[in-house]
Novice: 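Would you mind keeping the following structure in view while I ask a few things?
Just so you know, these numbers use all the heavy atoms, side chains as well, and skip hydrogens, waters and symmetry mates.
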Amino acid sequence: MNIFRLAGDMTHLFSVLVLLLKIYATKSCSGISLKTQELYALVFLTRYLDLFTDFISVYNSVMKVVFISSSVAIVWCMRYHPLTRRTYDKDLDTFRHYILVGVSIILALLFHDRFTFREVFWAFSIYLEAVAILPQLVLLQRSGNVDNLTGQYVFFLGAYRAFYILNWIYRYFTENHYSRWISWLAGFVQTALYADFFYYYFVSWKNNAKLQLPA
């Protein structure tokens, strides 16, 4: 644990809390991609297969439970909550996310640290997380205007990965033989996908204007 890892975890947690606040306070999931949320639920379910077998720390276990339960709860609300599901922008959320799942499976089978059940699923979750935000970004571009809570959710989600890159750099220079090239490569790809959104987010913040993305 270091300050960059902690900052990454907290911004990730904050992004989830912002999204839950939007859904439960407004009873609306307008502007939120169900496909991205389904991908994140799949990411956490496949990454944390060791939840009940390997104990690292109370903090680690609690964070795993929080991310799994919150992602499943968000998907449930968007699919089955009698009020929230009516606000889902199905016509805008048309990204073929199953392609991302398929490509991630192929990459995990080809490129992994060890060819074991758990390691392949871990690699799969890393590859999938790198691109899971794509349906959300496409939806926001198609809708144009982005409400404040949705914009903050995406911003903090991107900031979480940026902090994790700093964490990897810090660990590379402070720990002997630290190397997780799969995480590094996927993390840089994931952060790059946010670059356009970050630009328009800071422009809107600087001009004190509503966030708008080009169609």
Side-chain angles (χ1 to χ4, degrees), residues 7-45 48 62-98 100-101 128-163 190-191 193-215:
D9 286 347
M10 292 302 103
T11 50
H12 193 183
L13 180 61
F14 194 70
S15 72
V16 173
L17 294 176
V18 168
L19 183 54
L20 288 171
L21 174 64
K22 171 184 170 65
I23 292 176
Y24 284 97
T26 66
K27 296 297 187 292
S28 171
C29 61
S30 177
I32 301 300
S33 168
L34 172 61
K35 295 184 177 182
T36 282
Q37 298 309 314
E38 289 175 337
L39 293 179
Y40 276 124
L42 185 57
V43 164
F44 298 132
L45 288 170
Y48 300 141
V62 168
M63 294 299 282
K64 290 177 179 178
V65 171
V66 167
F67 288 127
I68 291 174
S69 58
S70 61
S71 62
V72 172
I74 291 168
V75 170
W76 182 89
C77 282
M78 295 185 69
R79 278 193 171 275
Y80 303 111
H81 191 281
L83 295 179
T84 305
R85 66 180 183 178
R86 298 176 185 175
T87 63
Y88 170 49
D89 301 320
K90 185 176 181 179
D91 293 335
L92 295 177
D93 194 19
T94 58
F95 192 99
R96 297 177 181 177
H97 63 325
Y98 57 84
L100 303 178
V101 176
L128 186 59
E129 186 184 16
V131 293
I133 196 63
L134 278 174
Q136 179 66 64
L137 294 176
V138 170
L139 187 153
L140 293 180
Q141 286 187 320
R142 289 177 176 173
S143 62
N145 292 326
V146 183
D147 68 77
N148 187 47
L149 287 177
T150 301
Q152 290 184 4
Y153 161 69
V154 176
F155 172 78
F156 283 110
L157 201 57
Y160 134 72
R161 182 50 67 185
F163 277 121
Q190 184 178 356
T191 305
L193 291 177
Y194 286 90
D196 191 58
F197 176 86
F198 283 156
Y199 170 77
Y200 288 102
Y201 184 92
F202 282 113
V203 168
S204 67
W205 173 78
K206 181 180 178 180
N207 298 329
N208 195 26
K210 186 177 180 61
L211 177 59
Q212 291 183 314
L213 299 179

Novice: Within this structure, what is the CG-CD1 distance for the pair L20 and I74, rounded to the nearest 0.5 Å?
Specialist: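 With rounding to 0.5 Å, CG (L20) is 4.5 Å from CD1 (I74).
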Novice: How many angstroms lie between atom CD1 of I133 and atom OG1 of T191, to the nearest 0.5 angstrom?
Specialist: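 With rounding to 0.5 Å, CD1 (I133) is 11.5 Å from OG1 (T191).
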Novice: Which pairs count as salt bridge (Lys or Arg N to Asp or Glu O under 4.0 Å) when at least one residue sits in residues 196-209, sequence neighbours excluded?
Specialist: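 Every pair satisfying salt bridge (Lys or Arg N to Asp or Glu O under 4.0 Å) with a residue in residues 196-209: there are none.
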Novice: Around atom CG of N207, are there more than 12 heavy atoms of other residues, nucleotides or ligands at under 6.0 Å?
Specialist: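 Yes, because the 6.0 Å sphere around CG of N207 holds more than 12 heavy atoms from other groups.
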Novice: In terms of the angle between their ring planes, are Y194 and F198 parallel, tilted or perpendicular, with boundaries placed at 30° and 60°?
Specialist: parallel
Novice: For L139, does its backbone N or O pair with a side-chain atom of S143 as donor and acceptor, under 3.5 Å?
Specialist: yes
Novice: Output all residues satisfying side chain to side chain donor-acceptor pair (under 3.5 Å) with Q136, sequence neighbours left out; order by chain, then residue number.
Specialist: none
Novice: Nearest 0.5 angstrom please: F197 CZ to Q141 CD, how far?
Specialist: 10.5 Å
Novice: Ignoring hydrogens and geometry, is there a side-chain-to-backbone donor-acceptor pair from D89 to G31 under 3.5 Å?
Specialist: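 Answer holds: yes.
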Novice: Measure the OH-SG distance between Y24 and C29 for me, rounded to the nearest 0.5 Å.
Specialist: 11.5 Å
Novice: What pair of heavy atoms forms the shortest contact from L193 to V131, and how long is it?
Specialist: CD1-CA, 4.1 Å
Novice: Rounded to the nearest 0.5 Å, what separation is found between the OG1 atom of T36 and the CG atom of L137?
Specialist: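 One gets 7.5 Å once the value is rounded to the nearest 0.5 Å.
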Novice: Starting from the C-alpha separation in whole Å, work towards a yes-or-no answer on side-chain contact (heavy atoms from CB on, under 4.5 Å) for L39 and L134.
Specialist: CA-CA 10 Å; L39 293 179; L134 278 174; over 6 Å; no
Novice: Any sub-3.5 Å donor-acceptor pair from R161's side-chain atoms to L157's backbone N or O?
Specialist: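 Checked: no pair found.
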Novice: Please tell me if the side chains of V43 and S71 come closer than 4.5 Å, counting only heavy atoms from C-beta onward.
Specialist: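 No, too far: nothing below the 4.5 Å cut-off.
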Novice: Can any side-chain N or O of T84 pair as donor or acceptor with the backbone N or O of M78 at less than 3.5 Å?
Specialist: no
Novice: Please work out whether the ring planes of Y201 and F155 are parallel, tilted or perpendicular, with thresholds of 30° and 60°.
Specialist: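 Y201 and F155: parallel rings.
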Novice: Before giving the answer on side-chain contact (heavy atoms from CB on, under 4.5 Å), spell out for Y160 and L13 the whole-Å C-alpha distance, their side-chain angles and the decisive distance to 0.1 Å.
Specialist: CA-CA 9 Å; Y160 134 72; L13 180 61; over 6 Å; no
Novice: Distance check, rounded to the nearest 0.5 Å: T26 atom OG1 versus L83 atom CG?
Specialist: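 Answer rounded to 0.5 Å: 10.5 Å.
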Novice: According to the salt bridge (Lys or Arg N to Asp or Glu O under 4.0 Å) rule, which pairs have a member within residues 65-79, sequence neighbours left out?
Specialist: E38-R79
Novice: For the residue pair G151 and V146, what are the closest heavy atoms and their distance?
Specialist: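 Closest approach of G151 to V146: N-CG1, 3.6 Å.
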Novice: Angle between ring planes, F67 versus F44, binned at 30° and 60°: parallel, tilted or perpendicular?
Specialist: parallel
Novice: Please evaluate residues L19 and Q37 with respect to the criterion side-chain contact (heavy atoms from CB on, under 4.5 Å), reporting the C-alpha separation (whole Å), side-chain torsions for both, the decisive distance (0.1 Å), and the verdict.
Specialist: CA-CA 11 Å; L19 183 54; Q37 298 309 314; 3.6 Å; yes
Novice: So which pairs with a foot in residues 8-19 pass side-chain hydrogen bond (donor to acceptor under 3.5 Å, both in side chains), sequence neighbours left out?
Specialist: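 side-chain hydrogen bond (donor to acceptor under 3.5 Å, both in side chains) check on residues 8-19 returns R5-D9, D9-Y59, D9-Y164.
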Novice: Which pairs, with at least one residue in residues 17-28 and sequence neighbours excluded, count as a salt bridge (Lys or Arg N to Asp or Glu O under 4.0 Å)?
Specialist: K22-D147
Novice: Can you give me the closest heavy-atom contact between V75 and A41, atom names plus distance?
Specialist: CG2-CB, 4.3 Å
Novice: Who pairs with F95 by ring-ring contact (aromatic ring centres under 6.0 Å, His included), at least two apart in sequence or on another chain?
Specialist: none
